[in-house]
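Residue numbers begin at 1 in each chain, while the letters A, B, ... track the order of the sequences.
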Protein chains: 2
Amino acid sequence: MPGSFPVTPVNRVRRQPDRGHYDRETVHAILDAALLCHIAYVIDGRPYCTPTSFWREGEHLYWHGSSASRMIRAQAQGIDLCLTVTHLDALVMARSGFHHSVNYRAAMVFGQARVVEDMAEKQALLDRLIDRIYPGRSSLIRSPDAREIRATSVMCMEIETASAKIREKHVSDDEADYTDVPAWTALYPVTQVLGAPSPCPRQQAGLARPDAMADFVPGARLDAVLTSAYRRTFG
Amino acid sequence: MPGSFPVTPVNRVRRQPDRGHYDRETVHAILDAALLCHIAYVIDGRPYCTPTSFWREGEHLYWHGSSASRMIRAQAQGIDLCLTVTHLDALVMARSGFHHSVNYRAAMVFGQARVVEDMAEKQALLDRLIDRIYPGRSSLIRSPDAREIRATSVMCMEIETASAKIREKHVSDDEADYTDVPAWTALYPVTQVLGAPSPCPRQQAGLARPDAMADFVPGARLDAVLTSAYRRTFG
């Protein structure tokens, strides 16, 4: 496992190649800061793009779904998949329409998935799906029973190859436009943040937020909370 | 154009059908609150999932890209596409792993795209791409020149069919778990918000944020800002 993904016709960043990255560290960081991805797959020749929660363990990505879902049954055949994560970081205005842009961090991962069949492995993975978001929570709650484990399919995809594409620049205009176009121009940061928790209306008395969720505070950036939770759970 | 999209094997929501919606109003509202979508398409039998900005005009969706991009050249062939928008609205904890969830609003749109060839139509569309985010801005900035218009491809997809899937519930546990599992359990709202604008370092003196961007204020929800901008521009 070298430090970078192989660059192939599938994952090579063609447009604005200066924004392309192939090192595992960059791709992993984008994945581990996200809860949701979008997966492209093909059924009967038609592409579908489905959002789902996912997580990474080493060079494998995992997600789950109902064992009866059309997506899961199709993906279980080992078809080609493309799993994409996108973080929107800023709206970037400009003095020409052409140079308006956004800052973003995106990762595209290619591979095929298989169904995790082993019941004990499935149970351990479903626990880590919870702990990956809420560190240590799987030990505080009711574990999945056999019926729940059977009703859930866990998909495992080895990363075949991947790339990241990142824009993290400020306003960038054609030189003449800086003087010729008297338009107020700015960059607006965009973040995804947590609000104040709304406790379950049927909360038992005397319970408090676990210490392991200390950074789940109103205004916290979700990407930072998820990255921190990821590191606590996977080290 | 009736009030709902046709329900076909392609767009029917099979899992948790109570979360499915087919009325145009619901699908449009999810689309118009978003800047980015993910588009699934197939090249040489392989699916790709690419994030891009987009907007809606009536029953058509538009996006743009470099005329040289592989995605644009493939989509220009009129291949099947699936364009998905997902808003993450909350992390929803539970007293069992099985019932952990998220609140979300997602829309999946199916169709084929064509390239907009007419130069005047392209220019008008590129102006509306800007105004859709920043109302009225296209009249304040330098318009695209012929070279920029040629370098940009604008794609137009008529919505063939679509569906929305929405979860907007609080914590929902198995009845026995409310009493048997003494775990603190809550819903965390998640929002995507604007930060304070960072003016262009080469800003000309004496310029101020246009009145049409009055709701671009720190802490404003991006989905609300985009919905408001959309209505100002398209009525």
Side-chain angles (χ1 to χ4, degrees), chain A residues 10 14-15 36 38-42 46-49 51 66 69-70 80-82 84 86 88 95-98 100 106 126-127 130 138 140-144 148 171 177-178 181-195 197-200 202-204 207-210 216 222, chain B residues 10 14-15 36 38-42 46-49 51 66 69-70 80-82 84 86 88 95-98 100 106 126-127 130 138 140-144 148 171 177-178 181-195 197-200 202-204 207-210 216 222:
Chain A
V10 168
R14 289 167 169 74
R15 300 308 309 165
L36 295 183
H38 287 79
I39 307 181
Y41 55 100
V42 178
R46 267 200 102 118
Y48 292 81
C49 180
S66 162
S69 101
R70 183 171 62 159
D80 287 328
L81 306 176
C82 175
T84 298
T86 308
L88 176 63
R95 295 167 179 82
S96 65
F98 193 72
H100 278 73
L126 290 170
D127 282 350
I130 300 299
S138 69
L140 305 174
I141 57 177
R142 177 175 65 72
S143 290
E148 289 171 339
V171 172
D177 292 338
Y178 285 103
V181 181
W184 184 82
T185 303
L187 173 155
Y188 274 90
V190 174
T191 53
Q192 204 168 29
V193 297
L194 297 180
S198 168
C200 176
R202 297 177 64 182
Q203 192 84 278
Q204 293 179 28
L207 297 176
R209 190 187 63 197
F216 280 64
L222 182 62
Chain B
V10 167
R14 288 167 171 74
R15 300 309 307 164
L36 295 184
H38 286 77
I39 306 182
Y41 55 100
V42 178
R46 266 199 103 117
Y48 292 81
C49 180
S66 161
S69 101
R70 184 172 62 159
D80 287 328
L81 306 175
C82 175
T84 298
T86 308
L88 176 62
R95 294 168 179 83
S96 66
F98 193 72
H100 277 74
L126 291 169
D127 282 349
I130 300 299
S138 69
L140 305 174
I141 57 177
R142 177 176 65 70
S143 289
E148 290 171 338
V171 172
D177 291 339
Y178 285 104
V181 182
W184 184 82
T185 303
L187 174 155
Y188 275 90
V190 174
T191 52
Q192 204 168 27
V193 297
L194 297 181
S198 169
C200 175
R202 297 177 64 181
Q203 192 84 280
Q204 293 180 28
L207 296 176
R209 189 188 62 197
F216 280 65
L222 182 62

inquiry  = Rounded at 0.5 Å granularity, tell me how far CG in A:L88 sits from CD in B:Q192.
reply    = 5.5 Å
Residue pair A:V190 / B:L194, side-chain heavy-atom distance below 4.5 Å = yes
query = Is there a side-chain contact between B:D80 and B:C82 (heavy atoms, below 4.5 Å)?
reply = no
For chain A, the option from [options] that forms the most heavy-atom pairs under 4.5 Å:
options	answer
B:S143, B:P47, B:P199	B:P47
B:Y178, B:F216, B:W184	B:W184
B:G195, B:P144, B:C200	B:C200
B:H100, B:R202, B:E148, B:R15	B:R202
B:V181, B:I130, B:I141	B:I141
B:P210, B:A106, B:S138, B:P51	B:P51

By a 4.5 Å heavy-atom criterion (distance strictly below it), what part of [X] contacts chain B: side chain, backbone, both, or neither?
X	answer
A:R209	both
A:P182	both
A:L126	neither
A:Y41	backbone

Closest-packed option against chain B by number of heavy-atom pairs under 4.5 Å, given [options]:
options	result
A:G97, A:S69, A:A40	A:A40
A:C49, A:A186, A:A183	A:C49
A:L222, A:T86, A:T191	A:T191

message = Checking B:V171 against B:R95 for the side-chain contact (heavy atoms from CB on, under 4.5 Å) test, could you report, in this order, the C-alpha distance in whole Å, the side-chain angles of both residues, the deciding distance, and whether it holds?
response = CA-CA 9 Å; B:V171 172; B:R95 294 168 179 83; 3.8 Å; yes
task = Decide side-chain contact (heavy atoms from CB on, under 4.5 Å) for A:T84 and B:Y48; before the verdict, give the C-alpha distance in whole Å, the side-chain angles of both, and the deciding distance to 0.1 Å.
result = CA-CA 9 Å; A:T84 298; B:Y48 292 81; over 6 Å; no
